[in-house]
Amino acid sequence: MTAEQKAMRRAWAASHFGDKNLTDEELNCATYMPSENFSDGWDKGVDFALSHQWISVDERLPEDDETVLTHSNYGYVLAYYSEQDKMWFVYGNYGDINPTHWLPIPQLNPE
């Protein structure tokens, strides 16, 4: 590996992992091999994971009538919150659910 390649890997590892002082052995490790496809996929995965985390109902509620995955004393249940009624609804039941957290349901993006 040339000095230029080492410098490029070191810079890539620092920007993606925060590692600045890698040994030559670590630089040769597949973990620190920059790949455009890997990097793009990794960044997309991170963006998705950060945008699809459990949200406390104390922090905010979902959009009006948006179906979400909830966590409550009933376990994990698909439900929606009605702004008009100021309560949660589970499909097939009426409001007797008080979730602590909710999670948006990702859209299927067929390619």
Enquirer: Which is it for Ile97 and Ser72 under the side chain to side chain contact (heavy atoms under 4.5 Å, CB included) test, yes or no, and what are the steps along the way?
Expert: CA-CA 7 Å; Ile97 177 176; Ser72 70; 3.6 Å; yes

Enquirer: So do Leu103 and Val68 actually touch side chain to side chain, heavy atoms under 4.5 Å?
Expert: no

Enquirer: Which residue pairs pass the salt bridge (charged side-chain N to carboxylate O under 4.0 Å, His left out) test when at least one of the two sits in residues 63-75, sequence neighbours left out?
Expert: none

Enquirer: Tyr74: which residues meet the ring pair (Phe, Tyr, Trp, His ring centres under 6.0 Å) condition with it, sequence neighbours left out?
Expert: none

Enquirer: Mind checking side chain to side chain donor-acceptor pair (under 3.5 Å) for Glu83 and listing every partner two or more places apart, or none if nothing turns up?
Expert: Lys86

Enquirer: Looking at every non-hydrogen atom in both residues, tell me the closest pair between Ile105 and Leu78 and how far apart they are.
Expert: CD1-CD2, 3.4 Å

Enquirer: Determine whether a donor-acceptor pair (N or O, by modelled atom type, separation under 3.5 Å) exists between the side chain of Thr70 and the backbone of Val77.
Expert: yes

Enquirer: Parallel, tilted or perpendicular: which one describes the rings of His101 and Trp54, with boundaries at 30° and 60°?
Expert: perpendicular

Enquirer: May I ask you to check whether over 12 heavy atoms, not counting those of Glu59, lie within 6.0 Å of atom CD?
Expert: yes

Enquirer: In this structure, which one of Phe89, Trp88, Trp102 forms a side-chain contact (heavy atoms from CB on, under 4.5 Å) with Tyr81?
Expert: Trp88

